[in-house]
Number of protein chains: 2
Amino acid sequence: MLQFAILGFLYDEALHGYDLRKRIAALTGHIRPIADGTLYPAIRKLADAGLLSRELQPGQVAAPRQMLSLTESGRADLLARLREPDELFVTDENRWFCVLAFLRYLDGDPEAQVAVLRRRLDFLTQPASFFYDGDRPLRAADFDDPFRQGLFTIATATSRTELRWLRETITALGG
Amino acid sequence: MLQFAILGFLYDEALHGYDLRKRIAALTGHIRPIADGTLYPAIRKLADAGLLSRELQPGQVAAPRQMLSLTESGRADLLARLREPDELFVTDENRWFCVLAFLRYLDGDPEAQVAVLRRRLDFLTQPASFFYDGDRPLRAADFDDPFRQGLFTIATATSRTELRWLRETITALGG
DNA sequence: CCGAGATACCTAGACTTCGAGGTATCACGA
DNA sequence: TCGTGATACCTCGAAGTCTAGGTATCTCGG
C-alpha cells in the first residue's frame, strides 16, 4: 500500500522523503500522516529493490536530503501494478464501519451514542485538504484525468451521505 | 480491528470459531474471508486476556468445537471501546482509491485503463451478501438500530455512486 | 551566540495480518 | 469400507505498519 503510493507520487517528479511524507499526509487530509519509522524503511526497501534511486543533496533549507526518483524498473513496476491490481480490490479496512456495526450495544446510554456520532461529525467537518485547495473547495473538474475525478466524486458523495445521516441521527437521538 | 469485530459478534450470542469466521466473511460479502491463521491466534489472545471463555463441546456436526462467549470483562471491554473509539476514526485503508489516484499514468493505453475499471465493476456487481439477505435485496429498514441503518445507507450510496461513475467512464473511454 | 523550532533521516521493538502448511473429526456416497 | 469433502483448530515465518525513541542540519529571533 505505502510502497505503491510512494511509486505513484514519484512517477511525475523527484521528491525527497520529507516531501513525500507531506504529499501522503495531504492525500488523507492530514488526518493520517505516515510515521517516519514507516516511511523511511519503505523507501530503503524500494531503493534496495532497484525501483528508485537516491541522490544525496547538500542541505539547502535544512539538513541534507536524498532526492528520490524512479528508476526505469520502478516506473515499469508501477505501471504493472496499475494494470493488474488484483489484490488492490480487496482490502478496505474501515474501522469506523466496525464501530457502527456494534454501536447498538450502547443502547442503555443514548447520550454516549450521540457523543460518539458527534465526535465523528467533528472529525469529518474539520477541513480536510483532500477536499480543498487551500481555502477553495475543490470540484471534480479541478482534476485533469477521469480517475481522480471519480475518486473525488465518490469521496464527496460518501462524505455528504454520512454527514446528512449523522446530523439526522444526532437530532433523532435527542442530541 | 479483528479483535474488536470478534468481541462485537460475540456480544449477542455464543459462537464457535468456525461460525465466527463465516460471520466475518459474510460481513464483507464473502470477499475477504479472514484466514484461519489470523482468526485463531486472535481468539486465543482474547481468551488469554480473560475477555472471552472457551468451552469444549464434543463434535456434533464434525470435529469438536470450542464455544466462545464473552466474559463480563469482555463485555465491558467492548462497551469501553465503543464509547471511546478514538483510534477507530483514523485508519481507512482503501487500496482501490490508491489505484484511482495513479491510474492516469496508464495514459498511453486506454484499453488497459478500461480493463481495470471493468474488473472493478465486475467485483462490485457480484452479489455481496452485505447487501442481500439470501436473494432478497436488503433495505435500511431491515436493520433494527439506526447505526446499522446508517452503515447500510452510506455503503449503498457509495456503491451506487461508484457504479454510476464506472459505467459512465467506461463508456466515455470507449469501452 | 545561543536556544528553539523546522527540516531530514534513522533504529528498534511490538503488533496485526497473511499465506502456506498441518492435524483431526464426522457424514455420506460409491 | 474407503475415499472425499466439509468441519474445526492449529503453527510458523513473512510482511507491513505503528510507536517511541534518537541524531543531525539549518534558520531565525532575542
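Per chain, numbering begins at 1; letters A, B, ... match sequence-line order.
Near DNA chain D, meaning a heavy atom under 4.0 Å away, there are no residues from residues 5-18 of chain A.
Legend: residues meeting side chain to side chain donor-acceptor pair (under 3.5 Å) with B:Thr125, ordered by chain and number and at least two apart, are absent. Listed by chain and residue number, nothing satisfies the side chain to side chain donor-acceptor pair (under 3.5 Å) test with A:Ser159 (two or more places apart in sequence, or in another chain). By the side chain to side chain donor-acceptor pair (under 3.5 Å) test, B:Arg164 is found to be paired with no residue, residues two or more places apart in sequence or in another chain being considered. With sequence neighbours excluded, the residues forming a salt bridge (Lys or Arg N to Asp or Glu O under 4.0 Å) with B:Arg119 are A:Glu84, A:Asp86, listed by chain and number. B:Gln149 meets the side chain to side chain donor-acceptor pair (under 3.5 Å) test with no other residue; sequence neighbours excluded.
In this structure, A:Leu20 atom CG and C:dT7 atom C1' are separated by 15 Å, rounded to whole Å. Rounding to whole angstrom units, CZ of residue B:Arg21 and P of D:dA8 are separated by 10 Å. In this structure, CD1 of A:Ile34 is placed 16 Å from P of C:dC10, rounded to the nearest angstrom. The distance between atom CZ of A:Arg65 and atom C1' of C:dC10, rounded to the nearest whole Å, is 17 Å.
Fit an axis to the five pairs at each end of the helix from C:dC1-D:dG30 to C:dA30-D:dT1 and the two axes sit 10° apart, to the nearest 10 degrees.
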Detail all sub-3.5 Å separations between protein N/O atoms and N/O atoms belonging to nucleotides 10-16 of chain D.
unit_1: D:dC10; atom_1: OP1; unit_2: B:Gln66; atom_2: NE2; d: 3.4
unit_1: D:dG16; atom_1: OP2; unit_2: A:Lys45; atom_2: NZ; d: 2.3

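Within the structure, salt bridge (charged side-chain N to carboxylate O under 4.0 Å, His left out) contacts touching residues 141-153 of chain A (residues at least two apart or in different chains) are A:Arg136-A:Asp142, A:Asp145-A:Arg148. Annotation: ring pair (Phe, Tyr, Trp, His ring centres under 6.0 Å) contacts involving residues 156-175 of chain A, sequence neighbours excluded, are absent. Listed by first and then second residue, the side chain to side chain donor-acceptor pair (under 3.5 Å) pairs involving residues 40-50 of chain A amount to none (not counting sequence neighbours).
Side-chain contact between B:Val114 and B:Leu117: absent, with no pair of heavy atoms (C-beta onward) separated by less than 4.5 Å.
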Anything under 3.5 Å between a donor and an acceptor, one on a side chain of residues 3-15 of chain B, the other on a protein residue two or more places apart or in another chain? List them.
unit_1: B:Asp12; atom_1: OD2; unit_2: A:Tyr105; atom_2: OH; d: 3.0
unit_1: B:Glu13; atom_1: OE2; unit_2: B:Arg23; atom_2: NH1; d: 2.7
unit_1: B:Glu13; atom_1: OE2; unit_2: B:Arg23; atom_2: NH2; d: 3.2

